[in-house]
A.B. asks: 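Take a look at this one; I'll ask things after.
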Amino acid sequence: MRRAQASDLELLVRHRESMWLDMHGYSARQIRAAAARSRAWIRREFRSGRYIAFVAEGPGGRVAGSGAIWLRSSQPYPGPRPRPDAPYVMSMYTERASRRSGVATRLVREMIRWARRKGYRRITLHASAQGAPVYRRIGFEDSNEMRFNLVRLGKDRPASRAPGRPIRSGRGRA
Ligand SMILES: CC(C)(COP(=O)(O)OP(=O)(O)OC[C@H]1O[C@@H](n2cnc3c(N)ncnc32)[C@H](O)[C@@H]1OP(=O)(O)O)[C@@H](O)C(=O)NCCC(=O)NCCS
């Protein structure tokens, strides 16, 4: 397990693309088109110190997976020791040949250790269907986040019912 360097940028971009591909939410064309934006975004956040990525390596230094903590800006709240930023786990990806051998688990545990050392109080993430059991096993809990899709985002993600729009019932308008 090692901290990613600036020279790992292409690896991190490739893993982020592969993550989207495996999550089946977007077409390969959409994902390729996002790669340049991902590269620029990761480079900027990495240079600013807000993107802390970890790379898992197997025998002979072969890359097995990677993942990142993004320190996103957090709003003030009345808790103890409020911080201006909060760690968010993202871009988790394990190479197919290395799956189900604890790579992601070790990556996330490393991130938890890192965040604890830095004095953060909580880590959040959005889990894919494949990732959720892994995070739950580590101890992540489901939270109270809600969302409202303003537009249809994909075949499995329709727009949410618009405010004030009546729900159709079988016998006309409800
Ligand atoms: C989700 C993902 C990152 C998990 O990576 P992984 O390295 O296979 O995860 P782990 O090996 O730590 O855990 C996976 C499973 O293997 C099991 N496992 C862990 N170590 C094991 C071992 N030594 N032997 C056998 N199984 C093991 C875990 O218990 C876990 O079981 P579960 O799926 O029933 O919960 C990977 O599947 C992936 O890259 N998916 C596509 C992208 C994606 O969805 N990313 C997450 C975005 S939130």
Side-chain angles (χ1 to χ4, degrees), residues 1-5 8-46 50-74 85-118 120-149 153-158 160:
M1 198 66 60
R2 63 175 177 82
R3 274 281 290 274
Q5 311 294 311
D8 291 309
L9 179 67
E10 288 311 314
L11 169 73
L12 299 177
V13 173
R14 179 173 67 78
H15 276 185
R16 189 161 169 77
E17 276 183 83
S18 307
M19 177 192 79
W20 290 122
L21 268 174
D22 280 6
M23 285 167 56
H24 304 299
Y26 300 95
S27 70
R29 199 168 60 83
Q30 285 175 311
I31 292 167
R32 265 197 312 277
R37 294 197 300 274
S38 279
R39 186 174 292 106
W41 185 87
I42 293 174
R43 184 186 286 121
R44 188 190 70 217
E45 296 301 301
F46 186 91
R50 288 187 293 264
Y51 197 83
I52 296 99
F54 297 86
V55 178
E57 290 176 340
R62 191 176 46 80
V63 170
S66 71
I69 282 183
W70 177 40
L71 295 175
R72 44 182 198 180
S73 171
S74 65
D85 53 14
Y88 177 80
V89 170
M90 59 178 286
S91 295
M92 288 294 304
Y93 182 75
T94 299
E95 299 280 354
R96 281 172 178 265
S98 301
R99 290 197 185 159
R100 297 190 70 83
S101 58
V103 170
T105 302
R106 282 199 287 277
L107 279 164
V108 173
R109 292 218 163 106
E110 182 67 23
M111 292 178 198
I112 292 172
R113 274 194 292 277
W114 182 91
R116 203 170 256 143
R117 272 202 310 277
K118 297 288 177 186
Y120 290 101
R121 298 171 57 80
R122 173 179 283 170
I123 297 177
T124 56
L125 55 78
H126 286 97
S128 67
Q130 277 177 302
V134 178
Y135 306 132
R136 286 203 187 99
R137 204 181 301 277
I138 291 169
F140 278 76
E141 300 163 14
D142 293 307
S143 81
N144 60 354
E145 182 172 295
M146 297 175 80
R147 67 178 176 208
F148 189 99
N149 294 333
L153 293 168
K155 68 174 167 33
D156 301 328
R157 288 168 299 171
S160 304

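Note that ligands are numbered from 1 as they come in the structure, with each ligand's atoms numbered from 1 the same way. Scope of the values below: all heavy atoms of this structure, side chains included, with no hydrogens, waters or symmetry mates.
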A.B. asks: Which ligand 1 atoms, with their elements, are less than 4.0 angstrom from a heavy-atom of P133?
C.D. replies: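 Contacts of ligand 1 toward P133, numbered from 1: 35 (O).
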A.B. asks: Hey, does M90 sit under 4.0 Å from ligand 1 if you only count heavy atoms?
C.D. replies: no
A.B. asks: Using side-chain heavy atoms (C-beta onward) and a distance below 4.5 Å, is S91 in contact with L12?
C.D. replies: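 A side-chain contact under 4.5 Å is absent here.
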A.B. asks: Heavy atoms only: which of S128, G131, S101 is nearest to atom 23 (N) of ligand 1?
C.D. replies: S101
A.B. asks: Starting from atom 12 (O) of ligand 1, which protein heavy atom do you reach first, and at what distance in Å?
C.D. replies: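 Among all protein heavy atoms, the one nearest atom 12 (O) of ligand 1 is T105 OG1, 2.5 Å.
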A.B. asks: Quick one: which of R99, R136, H126 has a heavy atom closest to atom 37 (O) of ligand 1?
C.D. replies: R99
A.B. asks: Show which atoms of ligand 1 fall inside a sub-4.0 Å distance from at least one heavy-atom site of V103.
C.D. replies: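 In order of numbering, the contacting atoms are 7 (O), 11 (O), 12 (O).
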A.B. asks: Under a 4.5 Å cut-off applied to non-hydrogen side-chain atoms, are R43 and F46 in contact?
C.D. replies: no
A.B. asks: Go through ligand 1 atom by atom and flag the ones less than 4.0 Å from a non-hydrogen atom of D22.
C.D. replies: 41 (C)
A.B. asks: Can you tell if the side chain of R96 reaches within under 4.5 Å of the side chain of D22, non-hydrogen atoms only?
C.D. replies: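 Sidechains of D22 and R96: in contact.
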A.B. asks: Below 4.0 angstrom from a heavy atom of A104, which ligand 1 atoms are there? Numbered from 1 as shown, please.
C.D. replies: 3 (C), 4 (C), 5 (O), 6 (P), 7 (O), 9 (O), 12 (O)
A.B. asks: Regarding atom 45 (N) of ligand 1: of the candidates M92, Q130, R106, H15, which has the closest heavy atom?
C.D. replies: M92
A.B. asks: Counting non-hydrogen protein atoms only, what is the nearest one to atom 11 (O) of ligand 1? Give residue, atom name and distance.
C.D. replies: G102 N, 2.7 Å
A.B. asks: Which residue supplies the protein heavy atom nearest to atom 39 (O) of ligand 1, what is that atom called, and how far is it?
C.D. replies: T94 N, 2.9 Å
A.B. asks: Answer yes or no: is there a side-chain heavy-atom contact under 4.5 Å between Y51 and M90?
C.D. replies: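 Yes, side chains in contact.
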A.B. asks: Donor-acceptor pair, distance only, cut-off 3.5 Å: does the side chain of Q5 make one with the backbone of R3?
C.D. replies: yes
A.B. asks: Report yes or no: does G65 have a heavy atom closer than 4.0 Å to ligand 1?
C.D. replies: no
A.B. asks: Name the closest protein heavy atom to atom 14 (C) of ligand 1, giving the residue it belongs to and the distance to 0.1 Å.
C.D. replies: V134 CG2, 3.7 Å
A.B. asks: Counting heavy atoms only, which of R100, R96, M23 comes nearest to atom 21 (C) of ligand 1?
C.D. replies: R100
A.B. asks: Using a 4.0 Å heavy-atom cut-off, say whether Y135 meets ligand 1 through its side chain, its backbone, both or neither.
C.D. replies: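 Contact part for Y135 vs ligand 1: side chain (C-beta onward).
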A.B. asks: Give me the nearest non-hydrogen protein atom to atom 42 (C) of ligand 1 as residue plus atom name, then the distance to 0.1 Å.
C.D. replies: M19 CG, 3.7 Å
A.B. asks: Are the side chains of H15 and V63 in touch, meaning some heavy atoms are under 4.5 Å apart?
C.D. replies: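 Yes, side chains in contact.
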A.B. asks: Check the pair R99, T94 against side chain to side chain donor-acceptor pair (under 3.5 Å), reporting the backbone distance first and the verdict last.
C.D. replies: CA-CA 6 Å; R99 290 197 185 159; T94 299; 5.4 Å; no
A.B. asks: Does a side-chain heavy-atom distance below 4.5 Å link V108 with L125?
C.D. replies: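 No. Closest side-chain heavy atoms not under 4.5 Å.
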A.B. asks: Under 4.5 Å between any side-chain heavy atoms of E10 and R39, yes or no?
C.D. replies: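 Yes, their side chains come closer than 4.5 Å.
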A.B. asks: Among all protein non-hydrogen atoms, which one is nearest to atom 31 (O) of ligand 1, and what is the separation to 0.1 Å?
C.D. replies: R137 NH2, 3.4 Å
A.B. asks: Answer yes or no: is there a side-chain heavy-atom contact under 4.5 Å between I52 and W114?
C.D. replies: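 Yes, close enough: below the 4.5 Å cut-off.
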A.B. asks: Keeping S66 on the side-chain end and V55 on the backbone end, is there a donor-acceptor pair under 3.5 Å?
C.D. replies: no
